[in-house]
Protein chains: 2
Amino acid sequence: MSQNQTTRPTESELEILQILWEHGPSSVRFVNDKLNEEREVGYTTTLKLMQIMADKGLVKRNTESRTHIYEAAAGESDMQQRLLKRFVDKAFRGSAMKMVMQALGNHEASAEELDEIKALIRRLESGEGD
Amino acid sequence: MSQNQTTRPTESELEILQILWEHGPSSVRFVNDKLNEEREVGYTTTLKLMQIMADKGLVKRNTESRTHIYEAAAGESDMQQRLLKRFVDKAFRGSAMKMVMQALGNHEASAEELDEIKALIRRLESGEGD
DNA sequence: AAGTATATACGAAAGGATTCGTATAAGCAA
DNA sequence: TTGCTTATACGAATCCTTTCGTATATACTT
């Protein structure tokens with residue numbers, strides 16, 4: 001049944017994880033309602049997906065009450081880290097810096113955001129990276 | 001047949017595009033050989049994939065000689081931009097800056113790379129962004 | 001010319017993701 | 001209790017991606 005924790009979510013699964021990260025442990029009904037704020041999805045579709053995710057180990061579920069409660073198995077940052085690594089490999093041939101440059105160059109960063117990044121760079125340069 | 005230019009490549013298709021971007025217009029044989037440096041892939045598999053890509057409009061092909069020559073339809077940066085946007089939306093809920101911070105925080109940037117980024121930030125701050 | 005090597009075209013199998021219909025069980029309301 | 005609402009479970013259809021077998025055409029070699 002449950003797989004190792006390096007399983008990658010599909011796009012639909014990731015969409016569900018986003019909801020779980022944002023709202024915490026939730027029922028299928030709740031997740032499905034949230035999804036339907038964006039696009040039409042049948043209830044059993046969402047249910048099936050979440051069952052598969054439980055199977056893959058992407059979510060944990062509490063089956064004590066009739067309404068099962070699902071919770072993301074990994075933290076959002078952990079998952080982002082994993083997905084980012086793979087994305088950089090696939091789309092930027094492994095060059096994270098190239099990707100950062102692209103992102104910075106195109107994404108209209110605010111002064112505050114740039115300050116944040118500068119602060120981070122200072123920390124990195126002073127060897128406190130990590 | 002040929003689709004609009006916002007078609008997204010699958011992972012396998014992206015792998016082929018990488019080769020085309022790196023080496024320029026190429027034959028199926030050449031691409032297949034390159035792929036086989038990484039992992040085993042049958043020739044007709046690569047052929048089929050590239051035909052589908054031509055169909056989708058991801059590559060252009062010159063069929064004048066017996067050996068067709070394929071070329072990426074979009075530039076690497078254009079495609080990266082497109083993929084990056086979608087990735088940020090899906091994995092970082094649209095926050096490019098959050099993603100940049102993650103990437104910087106974890107990817108052991110060299111001093112030179114950090115300098116590059118600092119230079120870019122200076123340019124952005126002086127309003128020359130774009 | 002005959003045989004070999006190499007190309008594309010086509011179709012279809014295999015696997016995974018996504019969707020949902022239907023069955024069944026549990027709780028609630030009259 | 002009987003019926004209505006709302007859960008989960010299960011199986012299967014559909015669609016997309018990936019893979020490759022086979023057919024056929026084109027060029028090269030002797």
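Quick note on labels: first sequence line is chain A, next is B, and so on, each numbered from 1.
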Looking only at N and O atoms, is any donor in the side chain of A/Arg66 or the base of D/dT6 less than 3.5 Å from an acceptor on the other one? yes
If you check every side-chain atom of A/Lys48, which of D/dG11, D/dA9, C/dT6 has the closest atom? D/dG11
Of D/dA12, C/dA9, C/dT6, the nucleotide closest to the side chain of B/Leu47 is C/dA9
Whole-Å distance, B/Ile16 CD1 to D/dT18 C1', equals 11 Å
In whole angstroms, the gap separating C1' of C/dA17 from CG of A/Leu17 amounts to 15 Å
Decide whether A/Trp21 and B/Met101 are clustered together by the hydrophobic rule: side chain heavy atoms of Ile, Leu, Val, Met, Phe, Trp, Tyr closer than 4.5 Å, transitively. yes
Would you indicate which nucleotide in D/dA9, C/dA7, D/dT22 comes nearest to any side-chain atom of B/Arg29? C/dA7
Run the salt-bridge test on B/Lys85 and B/Asp89 with the 4.0 Å N-O cut-off and return the result as yes or no. yes
Using a heavy-atom cut-off of 4.0 Å across all strands, would you classify A/Ser12 as base, sugar-phosphate, or nothing? sugar-phosphate
Phosphate OP1/OP2 of C/dA17: any A/Arg8 side-chain N/O under 4.0 Å: no
Spacing of B/Asn32 atom CG relative to C/dT6 atom C1', expressed in whole Å: 13 Å
Less than 4.0 angstrom between a side-chain N/O of B/Tyr43 and OP1 or OP2 of D/dG21, yes or no? no
What is the separation between atom CG on B/Asp55 and atom C1' on C/dG11, rounded to the nearest whole Å? 15 Å
Check whether any side-chain nitrogen or oxygen of A/Thr63 sits under 4.0 Å from OP1 or OP2 of D/dT8, and answer yes or no. no
Starting at the 5' end of DNA chain C and moving along, which residue's nearest nucleotide shows up first, B/Thr67 or A/Thr45? B/Thr67
Salt-bridge contact B/Arg122-B/Glu125 (side-chain N to carboxylate O under 4.0 Å): no
May I have the distance from B/Glu13 (atom CD) to D/dT19 (atom P), rounded to whole angstrom? 11 Å
In whole Å, I'd like the distance from the CD atom of B/Glu40 to the P atom of D/dC20. 8 Å
Between A/Thr10 and C/dT18, does any side-chain N or O lie under 4.0 Å from OP1 or OP2? yes
Distance below 4.0 Å between B/Gln51 side-chain N/O and C/dT8 OP1 or OP2: no
Can you tell me the distance, in whole Å, between the CG atom of B/Leu14 and the C1' atom of D/dT17? 14 Å
Does D/dA7 have OP1 or OP2 under 4.0 Å away from a side-chain N or O of A/Arg61? no
Testing D/dT18, C/dC20, D/dT17 for proximity to the side chain of B/Lys56, the answer is D/dT17
Rounded distance (Å) that lies between atom C1' of C/dA26 and atom NE2 of A/His68: 11 Å
Test item: B/Met79 and B/Leu17 side chains (from C-beta on) under 4.5 Å apart, heavy atoms: yes
Taking only Lys NZ, Arg NE, NH1 and NH2, and the carboxylate oxygens of Asp or Glu, determine whether B/Glu13 and B/Lys56 approach each other closer than 4.0 Å. yes
Over 60° means perpendicular and under 30° means parallel, so classify the ring planes of A/His23 and A/Phe30, tilted if in between. perpendicular
